[in-house]
Amino acid sequence: MSKVVKIDKIVYGGYGLAKDDKVYFVPYTLEGEEVEIEVVQEKKDYSLANPINIIKPSPERVEPVCKYFTLCGGCDFQHIPYEKQIEIKKEILKDQLLRIGKVDLPIEKVYPSQPFNYRNKAQFKFDGKNFGFYRPNSNQVVDVDYCYLLKEDLNQIIQPLKKFLFKYALSPSQVIVFSNSKNQKLIKFVFSDSSQITNIIPKIEIYKDEIDENIKGIGFYDKEKRQLLLGEDVIFETVDNYKYRVSMDSFFQVNIYQIKNLIDLVVQEVKDKGYKRAVDFYCGVGTFSVPLANYVREVLGIESNEEAVKDAKANVKHNNLKNLKFLKAKTEKGLKYAKDFKPEVIVFDPPRSGLNKTIIREISKIEPIQKIIYISCNPSTLARDLKDFKEYGYNPLKVSMVDMFPQTHHIESVVVLERI
C-alpha cells in the first residue's frame, strides 16, 4: 500500500523526514519534495519507507552519475548537488549537537572535499558470482564495474580482479585493497573457509601481471587471521612533510584529499602554545601523533591494534622523532598511563561508538589537561560525549567539519574543548 508524503527536511542517516499520520524516514529524497512511498518496516514511533515515485521533485535535485545509485549501499546523496550536501551535513551536525548534547555552537570551519574519486581503500564483496558492494541494508552483493568514490587506479583493477578470481577458482568473501598516492597497493583476500586458501597461487608476479603491476603485497586470510603473505606487508604514504608506514592490518584515513586538513586542525590547537605533553588516544599509525611531536615536548600515542602500533613505532624513526612513544593498550587500560604522563592536551579519534562515561570521568581527573581535541565520525555519539564532558568540567569551544565522505550521509567533525 503506497501513500504520498512531503519531505520536511533531511536528518542524520541521510533520510528525508516526513510527518503524516506518523513519522516516515525516506532515503534518496530532498526537502520539500512530494514523494510516493512504500513502507518497508514498521516501528512503534516511525516507519522506514522507500520512494517509489518522486511526484514533485526539488529544483535542486540532480541526476546521479552512478548507474548503481540506490542499488548499491555505498552512496545516499548522489541526487544532491555537492554544495547542498555540505549545507545539509552542516545543519545535521548543528542539530545533533544542540538536541543531544545541548551544545549551541556555530560550525567555525567547513572543509569540502573533491566530490568523487577520493577513496584510497575499497572493500569489495564476492559471493562467487557477483563482485562489488552490498545492497542497502542487505548482504546481497551488487556486481559493479566502476565506483565513483574510489581513486581511479582502484577502479582500473575491478575487471582484472574479477577475471582473476574466476580464472583461478578463488572464492574469497572479501577483497580489500589499499592504495597510496603513488598507486602502490596492498591486497587482502579474506576467505570464510580456510580450505579455500589451498587454491591460491604462491607467486606474486602472477598477480602483478594479471591484476596490477603496482601490487606491493598480498595477504590471504582465514576470516581475520592471515595465513600467507606474498611480497611486502607495508606501503608508505606522505602527507605534507610527514611520512607514514601503513601495514596491511592497520588503519589509515580513506579520503586522500582531507587527511592534511584534519592534521592541520589538530596542529593549530597546539602550535606555539608551549604545551609540554600530549596523549593521542586511538592513535592508529600515528596520523596525529607524528605532527603533534613537532609542536609538543613529549607525545604518547595509545592504540589497541597491534599492527598499527608496529607501524606507529616505525613512523617515529621515519620522521626522525625523539619525543614520541607508543603504547599498545585499550583506551580504558591506557588511562592509567595517561594519568602518569600528566598531559596538558588529549586527542581522541574514537570509532563510531564514541567514548563512554568511564573514559570521560577518568580523563576529567587528570589535572594538567587544558585542552581536548575530539575527532568524530558520528555526530550523535559525539554530542552525547560532549554533554558528559560538560558535566565533568570541559566546555566545547569550537566545531569544524571536514567532509571525509562525499556522496554519503557520514559526517566527520573536530571539536575543541577546554577546562571550565
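Because the structure is predicted, anything quoted here is derived from the model rather than measured. In what follows, residues are counted from 1 in the order of the sequence shown.
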Colleague: Do any N or O atoms from the side chain of Glu210 and from the backbone of Pro160 form a donor-acceptor pair under 3.5 angstrom?
Modeller: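 No, the answer is negative, given that no donor and acceptor are paired below the 3.5 Å cut-off.
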Colleague: Got a sec, which residues hit ring-ring contact (aromatic ring centres under 6.0 Å, His included) with Phe288, two or more places apart in sequence or on another chain?
Modeller: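 For Phe288 there are no ring-ring contact (aromatic ring centres under 6.0 Å, His included) partners, ignoring immediate neighbours.
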Colleague: For Asn137, is the CG atom crowded, meaning more than 12 foreign heavy atoms sit under 6.0 Å from it?
Modeller: no
Colleague: I'd like to know if Lys216 and Glu232 make a salt bridge, using a cut-off of under 4.0 Å between side-chain N and carboxylate O.
Modeller: yes
Colleague: Quick one: does NZ or CZ of Lys188 land under 6.0 Å from the six-membered ring centre of Tyr221, within 45 degrees of the ring axis?
Modeller: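 The answer is yes, since Lys188 meets both limits relative to Tyr221.
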Colleague: Lys129: which residues meet the salt bridge (charged side-chain N to carboxylate O under 4.0 Å, His left out) condition with it, sequence neighbours left out?
Modeller: none
Colleague: Inspect the contact between Glu237 and Lys182 and indicate whether a charged nitrogen and a carboxylate oxygen are less than 4.0 angstrom apart.
Modeller: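 No salt bridge links Lys182 with Glu237.
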Colleague: State plainly whether the residues Asp8 and Lys19 are in salt-bridge range, i.e. N to O under 4.0 Å.
Modeller: no
Colleague: State plainly whether the residues Glu303 and Lys330 are in salt-bridge range, i.e. N to O under 4.0 Å.
Modeller: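 Salt bridge between Glu303 and Lys330, a charged N being under 4.0 Å from a carboxylate O: no.
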Colleague: Closer than 4.0 angstrom, basic N to acidic O: yes or no for Lys208 and Asp212?
Modeller: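 Looking at Lys208 and Asp212, the cut-off is not met.
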Colleague: Does atom CD of Glu213 have more than 12 heavy-atom neighbours, drawn from other residues, nucleotides or ligands, at distances under 6.0 Å?
Modeller: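 Count not over threshold, so no.
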Colleague: Between Glu33 and Arg61, does at least one N-O distance fall below 4.0 Å, as a salt bridge requires?
Modeller: yes
Colleague: For the pair Asp145 and Lys67, find out whether any cationic side-chain nitrogen is under 4.0 Å from an anionic carboxylate oxygen.
Modeller: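 Between Lys67 and Asp145 there is a salt bridge, with a charged N closer than 4.0 Å to a carboxylate O.
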Colleague: If only atom types and distance count, is the side chain of Arg277 paired as donor or acceptor with the main-chain N or O of Phe341 below 3.5 Å?
Modeller: yes
Colleague: Donor-acceptor pairs under 3.5 Å, side chain of residues 34-42 to any protein atom, not counting sequence neighbours: which ones?
Modeller:
residue	atom	partner	partner atom	Å
Glu36	OE2	Ser2	OG	2.8
Glu42	OE1	Lys22	NZ	2.9
Glu42	OE1	Ser47	OG	2.6

Colleague: Measure across Gly16 and Ile7 and return the closest heavy-atom pair with its distance rounded to 0.1 Å.
Modeller: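 Scanning both residues, the minimum pair turns out to be CA-CG2, 3.7 Å.
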Colleague: Fit a plane to each ring of Tyr374 and Phe389, take the angle between them on a 0 to 90° scale, and name the class: parallel (under 30°), tilted (30 to 60°) or perpendicular (over 60°).
Modeller: perpendicular
Colleague: Counting distance only, does the side-chain N/O of Asp280 pair as donor-acceptor with the main-chain N or O of Val299 below 3.5 Å?
Modeller: no
Colleague: Under a plain distance cut-off of 3.5 Å, with no hydrogens placed, do Glu307 and Ser250 share a side-chain donor-acceptor pair?
Modeller: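 Note: Ser250 and Glu307 side chains miss the donor-acceptor criterion.
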Colleague: Just checking Lys6: does its NZ atom have more than 12 heavy atoms from other residues, nucleotides or ligands closer to it than 6.0 angstrom?
Modeller: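 Count not over threshold, so no.
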Colleague: Tell me whether the count of non-hydrogen atoms from other residues, nucleotides or ligands lying under 6.0 Å of NZ in Lys325 goes above 12.
Modeller: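 No, not enclosed.
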Colleague: Is it the case that the side chains of Asp222 and Gln196 hold a donor-acceptor pair, with the cut-off being a distance below 3.5 Å and no angle test?
Modeller: no
Colleague: Working note: Ser380 + Asn378, criterion side-chain hydrogen bond (donor to acceptor under 3.5 Å, both in side chains); need CA distance, chi angles, decisive distance, verdict.
Modeller: CA-CA 6 Å; Ser380 61; Asn378 184 336; 2.7 Å; yes
Colleague: If we check side-chain contact (heavy atoms from CB on, under 4.5 Å) with Phe348, which of these qualifies: Ile373, Ile359, Asp385, Leu417?
Modeller: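 Filter result, single survivor: Ile359.
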Colleague: Would Phe164 and Tyr168 satisfy ring-ring contact (aromatic ring centres under 6.0 Å, His included), going step by step from the backbone distance to the final call?
Modeller: CA-CA 6 Å; Phe164 192 88; Tyr168 294 100; 4.6 Å; yes
Colleague: Side chains of Ser376 and Glu412: any donor to acceptor distance under 3.5 Å?
Modeller: no
Colleague: Can a side-chain donor-acceptor contact be found between Gln258 and Gln253 if the only test is distance below 3.5 angstrom?
Modeller: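 No, because no side-chain N or O of Gln253 sits under 3.5 Å from a partner of the opposite role on Gln258.
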Colleague: Could Glu87 and Lys90 be called an ion pair, given the rule that one side-chain N must be under 4.0 Å from one carboxylate O?
Modeller: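 Salt bridge flag = no for Lys90 with Glu87.
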Colleague: Phe124 vs Phe131, test: ring-ring contact (aromatic ring centres under 6.0 Å, His included). Steps then yes/no.
Modeller: CA-CA 7 Å; Phe124 298 108; Phe131 182 87; 4.9 Å; yes
Colleague: Check Arg226 with Asp233, please: is the shortest side-chain N to carboxylate O separation under 4.0 Å?
Modeller: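 Yes, Asp233 and Arg226 are salt-bridged.
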Colleague: Regarding Asp403 and Ser113, is there a side-chain donor-to-acceptor distance under 3.5 Å anywhere?
Modeller: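 Judged by distance alone, the side chains do not pair up.
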Colleague: Restricting to non-hydrogen atoms, name the atom on Phe133 and the atom on Cys147 that form the minimum distance, rounded to 0.1 Å.
Modeller: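 That closest heavy-atom pairing would be CE1-CB, 4.0 Å.
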Colleague: When the aromatic ring centroids of Tyr242 and His318 are compared, is their separation below 6.0 Å?
Modeller: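 They do not qualify: ring centres at least 6.0 Å apart.
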Colleague: Hydrogens and angles aside, do Tyr146 and Gln159 bring a side-chain donor and acceptor to less than 3.5 Å of each other?
Modeller: no
Colleague: Can you list the residues that meet the side chain to side chain contact (heavy atoms under 4.5 Å, CB included) rule with Asp76, with sequence neighbours excluded?
Modeller: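 Asp76: side chain to side chain contact (heavy atoms under 4.5 Å, CB included) contacts with Tyr28, Thr408, His409.
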Colleague: Please enumerate all residues that pass salt bridge (charged side-chain N to carboxylate O under 4.0 Å, His left out) together with Asp388, with sequence neighbours excluded.
Modeller: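 Partners of Asp388 under the salt bridge (charged side-chain N to carboxylate O under 4.0 Å, His left out) test: Lys357.
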Colleague: Is there a donor-acceptor pair closer than 3.5 Å between any side-chain N or O of His410 and the backbone N or O of Cys377?
Modeller: no
Colleague: Under a 3.5 Å threshold, yes or no: a donor from one side chain and an acceptor from the other, between Asp264 and Asn261?
Modeller: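 No, because no side-chain N or O of Asp264 sits under 3.5 Å from a partner of the opposite role on Asn261.
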Colleague: Just checking, is any N or O donor in the side chain of Gln114 or Tyr257 under 3.5 Å from an acceptor N or O on the other one?
Modeller: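 Yes.
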Colleague: Identify all side-chain donor-acceptor contacts of residues 198-206 below 3.5 Å with residues at least two apart in sequence or on another chain.
Modeller:
residue	atom	partner	partner atom	Å
Thr198	OG1	Ser195	O	2.7

Colleague: Are Tyr244 and Thr287 close enough that a side-chain donor and a side-chain acceptor fall under 3.5 Å?
Modeller: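 There is no such pair between these side chains.
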Colleague: How many angstroms lie between atom CZ of Phe252 and atom CD1 of Ile259, to the nearest 0.5 angstrom?
Modeller: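 Phe252 atom CZ to Ile259 atom CD1 measures 4.0 Å (nearest 0.5 Å).
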Colleague: Distance alone, cut at 3.5 Å: any donor-acceptor contact between the side chains of Lys151 and Asn183?
Modeller: yes
Colleague: May I ask you to establish whether Lys185 and Phe178 are in a cation-pi arrangement, using a distance under 6.0 Å from NZ or CZ to the six-membered ring centre and at most 45° from the ring axis?
Modeller: no
Colleague: Show the nearest heavy-atom pair for residues Val23 and Asp45, with the distance to one decimal.
Modeller: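 Between these two residues, the closest heavy atoms are CB-O, 4.1 Å.
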Colleague: Is it the case that more than 12 heavy atoms not belonging to Phe166 sit under 6.0 Å from its CZ atom?
Modeller: yes
